[in-house]
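Position 1 is the first residue of the sequence; numbering continues from there.
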Amino acid sequence: SPEPPIGMDIQHNQHLSNVGNVQRAATDPLVPQQSPSRLRGLYNAAMHSPYLRTYSPHITARSRRTSTAGMTDGTGTPQGTPYGSRKSPFIVTPGTPDVSSLTLMDVKEAPKVGVWGAGFSIINLFLGLGLLSFPYALAEGSFTSLAILAFTCVAMSYTGKLIVRCFKGLPLEQQTYHQVGFNALNETFSFGKKKLKWGNFGMGLVTFGILLEFIGALCMSTIFIWDNVSYLAPDLEIYWIILISSLAVLPTCWMLNVSELAFNAFLGCVCKIFTVTVIVGTFFANTSVTKEIEYDYTPQSPTHFSVSIGIFILSYAGHACLPEIYTSMQQPERFERVLDICFVIMFFTYSGMALFGYLQYGRATAVIITQNLVSNETSTVQIVVAKTLIGLVIASCYFQVSPILSVVAAIPEDFIGIETPMRKRIFRTALFMVVIVGSWILMSHLAVLEAVTGSLCTMITSVICPALFYFGLNRKSVSWGETVLLFVYLIAGVLIGIFLLYNDILAVATGQQ
């Protein structure tokens, strides 16, 4: 596929590249004008459907620039103006494309989704491969932890609305996390009569949270690949698994064209549906085991409980992408209602996955439930189903690495000024090697990695930042009651995050994880 123009960062919403590719194919005399088969046409339509769009957070102005999401108010009317000339490594520089190069027709042609499409996108965004660790989380936290999961669902639904409201009233050129964080904390608080300029702290806080969250996700995807390959090839040394898997994944890290990654969202969706189906099916095929297994009704220890809650919190990591889903809706005014319904659906999905897995294996539940499926199934059909699921998990993680890596690489690439495709590939190769080393070190502590990512990073991006930024941007209009609620969220987020992080580290130090 053609190389992206110099300075243009990878984007995870496919509509612009798809429209451009179609237009080039229709006008370029070098492109063979052939009528694709009906099957191929249906496949391409499915792969490039807005329902399967892969969303990513707009951290900087550079990552905002080439996306049509956020350009309209839902009616096709462009918002905002082209970027200004503010001097910053994260603001558009001369010679690179900006929003002003897009016409009103380009904006109107950007695919919009209805209520059902937005709901599907939200659920597909939040329901990740962390589903495979939910039975383990319940085993660590006992049945009591389900109440915490329900509370987390309600709390995260509210903060999801807050982060979208932070973006809603801003012009296009300010619809980035850097700008939201800067505007929210710059001269918001005072010490004496002096206003505190904490704008850069706001930018740094949200960048820190999002980047660490994605780095954690990148390490988890890598470890998931290694572990699941080892279940399929138990006789193969782990060092060979790491080497072969890493070499296989590396070429995907060189893909800078979003259209090359369109298959990821579809495969991830299939994998999630198949995962839940397999766990529920195996439970009903082996209900007799519940009479032989002992279950915990209260947590074994604070450290076990903290690991459980951290994994639950991580399951709601996705707030950073919600503004883009909001702006992709045909009826954005219905977003909050859709979000509430989606979070209820996710709660029952998470709870069902945790219960059906834990009830089958009890305290012997593995961090990744696929390990139990392979080692405990005896019939040929069950073994085939389990290995098919493992294959889907491996494939889904394989295609996840590149989009996640591109988000992690975006900030340093902007800061250093890496713009040419070759330099980006070299930089991302080096970054991927660092991730490989980190994943190898953390491989035996996967549960803690998930818990720390949830208790630290997700707590920052999905609880602390939404409450803090919403107050900072609306401090003159927010009611007294909502102010109290926002500060409760803020203080509770900090205290709970510290408590969970302390216990997660203690679990590793004492050998409990």
Under 3.5 Å side-chain donor-acceptor pair for Ser455 and Asp504: yes
Contact check, side chains of Ile394 and Leu232, non-hydrogen atoms, under 4.5 Å: yes
Ring geometry between Tyr316 and Phe343 (parallel below 30°, tilted from 30 to 60°, perpendicular above 60°): parallel
Heavy-atom check, side chain of Tyr398 versus side chain of Thr252, under 4.5 Å: yes
Backbone of Ser462 reached by a side-chain donor or acceptor of Thr159 within 3.5 Å: yes
Student check: side-chain heavy atoms of Tyr326 and Leu322 closer than 4.5 Å: no
Heavy-atom donor-acceptor pair, Thr327 side chain to Glu324 backbone, under 3.5 Å: yes
Chi angles and distances behind the side chain to side chain contact (heavy atoms under 4.5 Å, CB included) call for Ser133, Phe224: CA-CA 11 Å; Ser133 295; Phe224 269 47; 4.1 Å; yes
Check: Thr370/Asn228 side-chain N/O donor and acceptor closer than 3.5 Å: yes
Sole residue of Thr429, Ile215, Leu218 in side-chain contact (heavy atoms from CB on, under 4.5 Å) with Leu405: Leu218
Side-chain heavy atoms of Arg428 within contact of Trp254, under 4.5 Å: no
Side chain Thr144, main chain Tyr297, donor-acceptor under 3.5 Å: yes
Validation row: Gln360, Ile279 side chains within 4.5 angstrom (heavy atoms): yes
Flag, side chain of Ser328 to backbone of Ile325, donor-acceptor distance under 3.5 Å: yes
Distance flag, aromatic centroids of Tyr350 and Phe312, threshold under 6.0 Å: no
pair Leu125-Ser121: side-chain heavy atoms closer than 4.5 Å: no
Greater than 12 external heavy atoms within 6.0 Å of Arg423's CZ: no
Side chain proximity check, Asn124 to Lys272, heavy atoms < 4.5 angstrom: yes
Heavy atoms of other groups near Tyr295 OH, more than 12 under 6.0 Å: yes
Verdict with reasoning, Ile460 to Leu456, per side chain to side chain contact (heavy atoms under 4.5 Å, CB included): CA-CA 6 Å; Ile460 291 175; Leu456 176 63; 4.2 Å; yes
Centroid-centroid distance, Tyr136 to Tyr358, less than 6.0 Å: no
Donor-acceptor pair, side chain of Ser396 and main chain of Val393, under 3.5 angstrom: no
Sidechain-backbone polar pair: Asp296 side chain, Ser142 backbone, donor-acceptor under 3.5 Å: no
Residue pair Glu213 / Thr453, side-chain donor-acceptor N/O under 3.5 Å: no
Minimum heavy-atom distance Met459-Gly493, with the two atoms named: CG-O, 3.3 Å
Distance-only donor-acceptor check, side chains Asp340 and Ser157, under 3.5 Å: yes
Validation row: Ser230, Leu236 side chains within 4.5 angstrom (heavy atoms): no
